[in-house]
Amino acid sequence: MSTERHVSPRMTEDLHFRRTDGPPRYARRTDKPVQYLTIVDAAGAVIGYVWANDEDDAAGWTVRTAGGDEAFNLGFIWVTKLHEAKAQGLAPTAALAALVRDSDPSASSHVQSATPSEAPSLDAVRELAGR
């Protein structure tokens with residue numbers, strides 16, 4: 001009877017995962033100017049910003065820190081709408097236009113103004129969200 005044990009070699013390299021399926025997504029970063037929409041809740045309080053830059057095919061949701069858990073949760077709606085816009089092949093700023101067109105002021109959150117604002121960078125929008 002043998003008392004040998006088989007020991008598996010240890011992995012020494014990092015595992016690299018590759019997404020094989022999931023919703024289409026815009027890039028989440030850009031270092032270029034962005035257009036953004038201010039999103040408010042039913043009471044009119046700012047909860048976050050949806051931003052876009054066509055050059056980097058980038059768009060995303062930035063929650064307003066002061067909005068708390070409700071703002072964070074309502075952000076899911078806007079992220080989902082961005083995924084849908086990307087699946088339709090819309091450029092990021094065309095996605096903003098679609099969000100304006102489909103916004104419903106009676107909903108739990110909606111676009112504050114039909115005209116996108118401009119910021120010199122995504123960092124500027126993030127700073128705005130931190131207030």
Side-chain angles (χ1 to χ4, degrees):
M1 180 183 255
S2 173
T3 60
E4 289 181 42
R5 285 186 10 200
H6 177 67
V7 178
S8 297
R10 291 182 178 232
M11 291 188 64
T12 58
E13 296 180 17
D14 291 336
L15 293 176
H16 297 279
F17 296 97
R18 189 182 82 210
R19 180 180 290 270
T20 58
D21 195 14
R25 298 174 190 262
Y26 295 107
R28 290 186 277 183
R29 295 192 173 118
T30 182
D31 59 356
K32 297 176 178 64
V34 296
Q35 292 183 26
Y36 67 93
L37 298 171
T38 301
I39 307 301
V40 297
D41 65 14
V46 176
I47 61 167
Y49 307 90
V50 180
W51 56 267
N53 171 278
D54 286 344
E55 193 174 346
D56 286 335
D57 194 38
W61 162 256
T62 300
V63 67
R64 183 164 183 250
T65 307
D69 292 340
E70 180 184 3
F72 180 81
N73 292 337
L74 288 172
F76 177 78
I77 296 167
W78 300 96
V79 170
T80 300
K81 290 179 182 202
L82 285 174
H83 290 170
E84 291 168 356
K86 179 66 173 174
Q88 293 171 14
L90 296 179
T93 56
L96 292 185
L99 293 178
V100 168
R101 184 180 58 249
D102 297 340
S103 184
D104 177 1
S106 68
S108 58
S109 62
H110 62 277
V111 174
Q112 184 179 48
S113 170
T115 304
S117 299
E118 294 190 20
S121 67
L122 177 54
D123 286 339
V125 175
R126 288 181 176 151
E127 183 179 318
L128 189 60
R131 293 182 186 166

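Keep in mind the model is a prediction, meaning the values are calculated, not measured.
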Which atom of Ala119 lies closest to which atom of Ala124, heavy atoms considered | CB-CB, 4.1 Å
Quick one: CG on Leu128 to OG1 on Thr65, what's the gap to the nearest 0.5 Å?
-> 10.5 Å
If every non-hydrogen atom of Ala42 is compared with every non-hydrogen atom of Ala107, which pair is closest and at what distance?
-> CB-O, 4.0 Å
So OG1 of Thr62 and CZ of Arg28: to nearest 0.5 Å the spacing works out to 12.0 Å
Do Leu122 and Trp78 belong to the same hydrophobic cluster, where Ile, Leu, Val, Met, Phe, Trp and Tyr are linked whenever their side-chain heavy atoms lie under 4.5 Å apart, directly or via other members?
-> no
Around Asp69, counting heavy atoms of other residues, nucleotides and ligands shown, do more than 12 lie under 6.0 Å from its CG?
-> no
Is Val40 reachable from Tyr36 through a run of I, L, V, M, F, W or Y residues, each pair having side-chain heavy atoms under 4.5 Å apart?
-> yes
Check whether any side-chain heavy atom of His110 sits under 4.5 Å from a side-chain heavy atom of Ile39, and report yes or no.
-> no
Given the rule in the side chain to side chain contact (heavy atoms under 4.5 Å, CB included) test, do Tyr49 and Val34 qualify, once you have shown the distances and angles that lead to the verdict?
-> CA-CA 11 Å; Tyr49 307 90; Val34 296; over 6 Å; no
With hydrophobic residues grouped by side-chain heavy-atom distances under 4.5 Å, do Val63 and Val46 end up in a single group?
-> no
CD-OG distance between Glu70 and Ser109, expressed to the nearest 0.5 angstrom = 8.5 Å
Would you kindly confirm whether Leu37 and Leu82 end up in one hydrophobic cluster when ILVMFWY residues are joined by side chain heavy atoms under 4.5 Å apart?
-> yes
Cluster link Val100 to Leu74, ILVMFWY, side chain under 4.5 Å = yes
With side chains defined as the heavy atoms from C-beta onward, is the minimum distance between Trp51 and Gln35 less than 4.5 Å?
-> no
Here the gap from Asp123 atom CG to Asp31 atom CG, rounded to the nearest 0.5 Å, amounts to 9.5 Å
Step-by-step side chain to side chain contact (heavy atoms under 4.5 Å, CB included) determination, Leu99 to Lys81 = CA-CA 8 Å; Leu99 293 178; Lys81 290 179 182 202; 3.5 Å; yes
Can you measure from OG (Ser108) to CG (Asp41) and round to the nearest 0.5 angstrom?
-> 8.5 Å
Does a side-chain N-to-carboxylate-O contact under 4.0 Å join Lys86 and Asp57?
-> yes
Sort out for me which residue in Asn53, Asp54, Asp56, Leu90 forms a side chain to side chain contact (heavy atoms under 4.5 Å, CB included) with Tyr26.
-> Leu90
